[in-house]
Amino acid sequence: MSEHPEALPLAGITVVSIEQAVAAPFATRQLADLGARVIKVERPGGGDFARRYDTTVHGQSSYFVWLNRSKESITLDLKSDAGGGVLEQLLAGADVFVQNLAPGAASRMGLGAEALAERFPSLIPCSISGYGSTGPWADRKAYDLLVQCQTGLVSLTGNEHGSARVGVSIADVAAGMYAYSGILTALFTRAATGVARAVEVSLFEALAEWMNQPAYYTRYFGIQPPRIGTQHATIAPYGAYAAADGKDVLFSIQNEREWAALCERFLGQPGLVTDPRFATGSARVAHREQLNAIVAERFGELDSHEATKLLDAAGIASAGVNDMNEFLAHPVLSGRDRWRDVRIPGGAVVPALLPPVDLTGTAPRMDAVPAAGEHTDTILADLGYSPADIDGLKAEHVT
């Protein structure tokens, strides 16, 4: 645990989580970052299946290392009476319960929000599902890419040759973020009113929120934004252009001041500012191909460093199109000291990024990633189990 847990905002809050994959672990890891005690309940004999997504980080899964630092792991057979009894004891001392079990599983186990409210009225239950606990799709399983497809995101992503998934688990991340903020809101509400409110988030509705702009565009324009790679469907010029040295530079024009600066200081064609084809944002989108040809020709005369320098001088934001190695070596991450060492199962130490929200005077917790069941004995002992009791649970394969 952290050397100074009392200094963290959620010190004293206990979270019990039956979690797997990405969405719920991301929500609870953020709570752990702020000092909450997160007890991760895993299956005996392997634990969270995300532990086996890959073995790239010194034998550990890249997903699991990212999502599970600073937690305690207990293995429990929740189908056994003894395992269920241990869970009841954990919930009795918890502030928050998080689960992203398969559809209907929580209710069958007596872990639905209403059942928990009867037994533990001060407990805040958080359910993360694919499509919500009610409605026509409540019983359907959902995974990240399925939700990217169902929300229409995949139809917007890619280029004229075909669609593409977003390269990270964006539906899971969205759901994890909303679950995290919902839990914080529920904790605040409980502190202010004494009432524990249940939190429910679905992957579909989390990502649906992020799809509002293209949804409005489609509803009122009549057609959806086209797939155009790194270009922007409703802004031009906006995208990546190849410089003379073969490197891509991305930039965007956000307003008429920037458009004038681009014409005068980068393109060297001030007459384009008032050219009817390009004089307004809508006109530039309508004549995107002609505009792109002009911009691409200019980039072809400059290497990427020269192009970036000119764009900077014109007050226009730009970026190199980095690969992952360039991201890992990014000067902002090193210059702002954003990396911390975290120990993982097996003893290796790996760099981990600090959480993106900085709280003045508060250092987030960056403790080890647990092995499956690493804290089982300690947690059981805290609940009052004797060494003989613990050995008996192990013998019965409850832990």
Side-chain hydrophobic cluster, 4.5 Å single linkage: members besides Phe188: none

Pair Phe251 + Tyr241: ring centers closer than 6.0 Å: yes

Ring center gap for Phe266 and Phe299 short of 6.0 angstrom: yes

Any side-chain heavy atom of [X] within less than 4.5 Å of one from [Y]?
X      : Y      : result
Arg190 : Arg197 : no
Val350 : His58  : yes
Arg29  : Tyr180 : no

Co-membership, hydrophobic cluster, residues [X] and [Y], 4.5 Å side-chain:
X      : Y      : value
Leu10  : Val38  : yes
Leu359 : Leu31  : yes
Ile379 : Val369 : no

N/O donor-acceptor pairs under 3.5 Å from side chains in residues 390-399, not counting sequence neighbours:
{"from": "Lys394", "atom 1": "NZ", "to": "Asp377", "atom 2": "OD1", "distance (Å)": "3.2"}
{"from": "Lys394", "atom 1": "NZ", "to": "Asp377", "atom 2": "OD2", "distance (Å)": "3.0"}

Counterpart residues, side chain to side chain donor-acceptor pair (under 3.5 Å), relative to Asp303 (two or more places apart): none

Only pairs under 3.5 Å count here: list side-chain donor-acceptor contacts from residues 98-106, not counting sequence neighbours, and write none if there are none.
{"from": "Gln99", "atom 1": "OE1", "to": "Leu101", "atom 2": "N", "distance (Å)": "2.9"}
{"from": "Gln99", "atom 1": "NE2", "to": "Ser127", "atom 2": "OG", "distance (Å)": "3.2"}
{"from": "Asn100", "atom 1": "OD1", "to": "Gln20", "atom 2": "N", "distance (Å)": "3.1"}
{"from": "Asn100", "atom 1": "ND2", "to": "Gln20", "atom 2": "O", "distance (Å)": "2.8"}

Distance-only check: which donor-acceptor pairs under 3.5 Å involve side-chain atoms of residues 156-168, not counting sequence neighbours?
{"from": "Thr157", "atom 1": "OG1", "to": "Leu153", "atom 2": "O", "distance (Å)": "3.0"}
{"from": "Asn159", "atom 1": "OD1", "to": "His161", "atom 2": "N", "distance (Å)": "2.8"}

Ring geometry between His287 and Phe278 (parallel below 30°, tilted from 30 to 60°, perpendicular above 60°): perpendicular

Identify each donor-acceptor pair in which a side-chain atom of residues 311-326 lies under 3.5 Å from a protein atom, sequence neighbours left out, and give them as a table.
{"from": "Asp323", "atom 1": "OD1", "to": "Asn325", "atom 2": "N", "distance (Å)": "3.2"}
{"from": "Asp323", "atom 1": "OD1", "to": "Glu326", "atom 2": "N", "distance (Å)": "2.8"}
{"from": "Glu326", "atom 1": "OE1", "to": "Asp323", "atom 2": "N", "distance (Å)": "2.8"}

From CD (Gln150) to CG (Leu145), nearest 0.5 Å: 10.5 Å

